[in-house]
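In what follows, a structure is listed as structure tokens, so that the remarks can point back to it.
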Amino acid sequence: GCSLGDAKPFACEQYPLSFDPYEARYFFYADCPLYEQYQSELAIPGSEAELHFQAVHQRNQNIMKDQPEFLQRNFDLDADYFELLPLAVPEQAIGPKTS
């Protein structure tokens with residue numbers, strides 16, 4: 001496991017997800033063997049996948065308010081270096097809209 005705790009870099013925090021702010025879509029790193037499991041558990045309220053997704057989504061929404069260009073650069077790097085699979089996100093996993 002990672003010993004950095006709360007000091008993890010942004011990309012590590014959201015792994016195995018990548019967020020495209022232009023399309024407002026999430027992707028999954030193809031090299032991670034948990035894609036099918038994560039995708040199916042995402043629809044289960046309270047599952048580890050749903051809780052992880054919600055934390056990542058909330059962080060991305062907060063960053064979008066002040067630094068959307070940071071998210072775009074992060075996604076562009078991910079898309080250039082990794083194979084990304086589209087992630088189907090159930091409505092309930094997104095949670096209430098924040099403003």
Side-chain angles (χ1 to χ4, degrees):
C2 179
S3 62
L4 294 177
D6 291 338
K8 290 179 187 162
F10 176 75
C12 293
E13 211 176 284
Q14 65 175 5
Y15 182 84
L17 304 180
S18 183
F19 177 65
D20 178 353
Y22 181 74
E23 293 187 16
R25 290 185 61 201
Y26 283 90
F27 294 86
F28 198 93
Y29 288 92
D31 288 343
C32 178
L34 298 176
Y35 177 71
E36 290 180 20
Q37 179 182 346
Y38 192 99
Q39 184 67 79
S40 65
E41 287 183 10
L42 197 52
I44 301 170
S47 69
E48 190 174 334
E50 186 198 43
L51 295 174
H52 173 261
F53 177 83
Q54 287 176 344
V56 168
H57 181 66
Q58 184 62 51
R59 175 106 193 263
N60 285 335
Q61 295 306 299
N62 290 338
I63 293 171
M64 276 293 285
K65 293 175 189 174
D66 300 320
Q67 299 176 340
E69 65 285 345
F70 169 80
L71 289 177
Q72 188 62 55
R73 284 192 312 270
N74 191 72
F75 177 73
D76 290 345
L77 284 170
D78 285 349
D80 283 347
Y81 289 100
F82 303 102
E83 180 183 352
L84 300 174
L85 303 171
L87 188 68
V89 180
E91 190 70 30
Q92 114 285 335
I94 293 175
K97 298 252 186 223
T98 59
S99 51

What's the verdict on side chain to side chain contact (heavy atoms under 4.5 Å, CB included) for Phe10 and Phe70, showing C-alpha distance, side-chain angles and the deciding distance?
-> CA-CA 10 Å; Phe10 176 75; Phe70 169 80; 3.7 Å; yes
Residues two or more places apart in sequence or in another chain: which of them pass ring pair (Phe, Tyr, Trp, His ring centres under 6.0 Å) with Tyr26?
-> Phe19, Phe53, His57
pair Tyr35-Pro16: side-chain heavy atoms closer than 4.5 Å = no
Identify all side-chain donor-acceptor contacts of residues 77-84 below 3.5 Å with residues at least two apart in sequence or on another chain.
{"from": "Asp78", "atom 1": "OD1", "to": "Tyr29", "atom 2": "OH", "distance (Å)": "2.9"}
{"from": "Asp78", "atom 1": "OD2", "to": "Ser18", "atom 2": "OG", "distance (Å)": "2.6"}
{"from": "Asp78", "atom 1": "OD2", "to": "Tyr29", "atom 2": "OH", "distance (Å)": "3.1"}

On a heavy-atom basis, the closest approach of Glu50 and Ala93 is OE2-CA, 3.9 Å
Would you find more than 12 non-hydrogen atoms of other residues, nucleotides or ligands less than 6.0 Å from Asp76 atom CG?
-> yes
Report, as yes or no, whether the 6.0 Å neighbourhood of atom CD on Glu36 holds more than 12 heavy atoms from other residues, nucleotides or ligands.
-> no
Would you sort out whether Ile94 and Gln54 count as a side chain to side chain contact (heavy atoms under 4.5 Å, CB included), showing the intermediate values?
-> CA-CA 6 Å; Ile94 293 175; Gln54 287 176 344; over 6 Å; no
Indicate the atoms forming the closest heavy-atom contact of Pro86 with Gln39, along with that distance.
-> O-OE1, 4.3 Å
Evaluate the side-chain proximity of Asp20 to Gln72: yes if any heavy-atom separation is below 4.5 Å, no if none is.
-> yes
Within a strict 4.5 Å, meaning less than it, do heavy atoms of the Asn60 and Gln14 side chains meet?
-> yes
Can you get from Tyr15 to Ile63 by hopping between Ile, Leu, Val, Met, Phe, Trp and Tyr side chains that sit under 4.5 Å apart?
-> no
Check Glu13 against Val56 and note the closest heavy-atom contact, atom names and distance.
-> O-CG2, 4.0 Å
Residues in ring pair (Phe, Tyr, Trp, His ring centres under 6.0 Å) contact with Tyr38, at least two apart in sequence or another chain = Phe28, His52
For Ala88 and Leu42, the nearest pair of non-hydrogen atoms, with its separation, is O-CD2, 3.8 Å
Same hydrophobic cluster for Leu71 and Leu17, using side-chain heavy-atom links shorter than 4.5 Å among ILVMFWY?
-> yes
